[in-house]
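Excluded from the calculations below are hydrogen atoms, water molecules and symmetry mates; all remaining heavy atoms, backbone and side chain alike, are included.
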Amino acid sequence: MFPHALHHVQLAMPQGGAAEARAFYGDLLGLDEEEGPGAPPDELWFRRGELRIRLGVEPGFRPARKAHPALMVRKLDALAERLERAGLDLRRDDRLPGPRRVCIDDPFGNRIELVEGAV
């Protein structure tokens with residue numbers, strides 16, 4: 001009866017951003033693209049296990065700079081190296097105790113946090 005899990009995270013993207021979204025979320029992060037339930041043609045869905053990310057076109061798009069998804073990852077160092085080789089700017093965050101964190105921006109400027117380790 002009460003919320004118990006996250007179904008998906010939706011992020012906005014500008015019109016015409018599908019190719020960049022596929023390159024980032026699919027090719028770089030390794031998520032699989034899937035058909036979303038009743039998704040309009042300008043939406044993309046990506047999935048890995050229970051993780052689902054939905055991207056939709058937003059008129060007057062502005063990137064999410066503060067609000068963000070935090071994605072649990074394995075092999076953070078290998079992923080960070082891959083992202084840096086692709087030209088992304090990684091911001092390592094070691095201010096908080098606990099899991100290791102790296103922040104990046106998707107191709108549209110949305111903040112994405114990558115977290116490795118126990119929370």
Side-chain angles (χ1 to χ4, degrees):
M1 178 174 356
F2 298 101
H4 63 89
L6 185 66
H7 183 270
H8 71 272
V9 170
Q10 179 162 359
L11 296 171
M13 66 178 175
Q15 184 72 39
E20 289 176 285
R22 286 182 174 109
F24 179 79
Y25 290 96
D27 297 339
L28 283 177
L29 293 185
L31 303 178
D32 298 316
E33 187 174 351
E34 68 176 5
E35 190 169 320
D42 60 354
E43 274 191 10
L44 298 173
W45 283 75
F46 294 92
R47 182 177 191 159
R48 167 79 45 192
E50 296 298 314
L51 171 67
R52 289 187 189 101
I53 297 178
R54 174 181 179 182
L55 284 115
V57 171
E58 183 175 332
F61 168 77
R62 287 183 24 191
R65 305 299 303 148
K66 177 77 173 167
H68 65 278
L71 309 178
M72 296 295 296
V73 302
R74 293 183 186 94
K75 301 181 183 178
L76 179 61
D77 293 332
L79 179 56
E81 183 179 316
R82 177 182 188 159
L83 297 169
E84 285 179 318
R85 279 196 317 264
L88 274 75
D89 178 36
L90 275 65
R91 298 175 305 280
R92 299 185 193 290
D93 185 354
D94 55 6
R95 295 173 293 158
L96 299 173
R100 296 172 53 222
R101 307 167 196 282
V102 172
C103 291
I104 57 172
D105 295 331
D106 76 1
F108 318 114
N110 294 311
R111 179 179 171 196
I112 308 291
E113 184 176 345
L114 306 173
V115 180
E116 179 183 58
V119 178

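Remark: Glu33 CD to Trp45 CH2 distance equals 12.5 Å, nearest 0.5 Å. For the atom pair CD1 (Ile112) and SG (Cys103), the distance works out to 9.5 Å, reported to the nearest 0.5 Å. Distance check: Leu71 CG to Glu113 CD gives 8.5 Å after rounding to the nearest 0.5 Å. Atom CG in Leu31 sits 12.5 Å away from atom CZ in Arg52 (nearest 0.5 Å). The distance from the NE2 atom of His8 to the CD atom of Gln10 is 5.5 Å, given to the nearest 0.5 Å.
By the 4.5 Å heavy-atom criterion applied to side chains, Met13 and Val57 are counted as neighbours. Counting only heavy atoms from C-beta outward, the side chains of Asn110 and Phe24 never approach each other to under 4.5 Å. Put simply, the side chain of Val9 does not reach to within 4.5 Å of the side chain of Leu51, judged on heavy atoms. Between Arg22 and Asp27, the closest side-chain pair of non-hydrogen atoms is not below 4.5 Å. No side-chain heavy atom of Asp105 sits under 4.5 Å from any side-chain heavy atom of Asp89. Inter-residue side-chain proximity for Leu76 and Arg101 is flagged as unmet; no heavy-atom pair is nearer than 4.5 Å. In this structure the side chain of Leu29 never reaches within 4.5 angstrom of the side chain of Ile53, judged on heavy atoms. Contact of the Leu90 side chain with the Arg92 side chain is registered, since non-hydrogen atoms from C-beta on lie closer than 4.5 Å.
Checked by atom type and distance alone, the side chain of Asp106 never pairs as donor or acceptor with a backbone atom of Ala21 at under 3.5 Å. For the pair Arg65 (side chain) and Gly109 (backbone), a donor-acceptor distance under 3.5 Å is present. Without hydrogens or angle criteria, Arg82 side chain to Glu84 main chain gives no donor-acceptor distance under 3.5 Å. Of the possible donor and acceptor atoms, one in the side chain of Glu116 sits under 3.5 Å from a partner among the backbone N and O of Lys75.
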Legend entry - Verdict with reasoning, Leu28 to Leu88, per side-chain contact (heavy atoms from CB on, under 4.5 Å): CA-CA 10 Å; Leu28 283 177; Leu88 274 75; 4.0 Å; yes
Legend entry - Verdict with supporting geometry, Arg91 and Arg111, side-chain contact (heavy atoms from CB on, under 4.5 Å): CA-CA 10 Å; Arg91 298 175 305 280; Arg111 179 179 171 196; 4.2 Å; yes
Inset, instruction - Test side-chain contact (heavy atoms from CB on, under 4.5 Å) on Leu11 and Phe108 and set out the steps. - result: CA-CA 10 Å; Leu11 296 171; Phe108 318 114; over 6 Å; no
Inset, instruction - Report the C-alpha distance between Leu114 and Leu83 in whole Å, list the side-chain angles of each, state the deciding distance to 0.1 Å, and finish with yes or no for side-chain contact (heavy atoms from CB on, under 4.5 Å). - result: CA-CA 11 Å; Leu114 306 173; Leu83 297 169; 3.7 Å; yes
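Within a 6.0 Å radius of CZ in Arg48, more than 12 heavy atoms belonging to other residues, nucleotides or ligands are found.
With sequence neighbours excluded, no residue satisfies salt bridge (charged side-chain N to carboxylate O under 4.0 Å, His left out) with Glu20.
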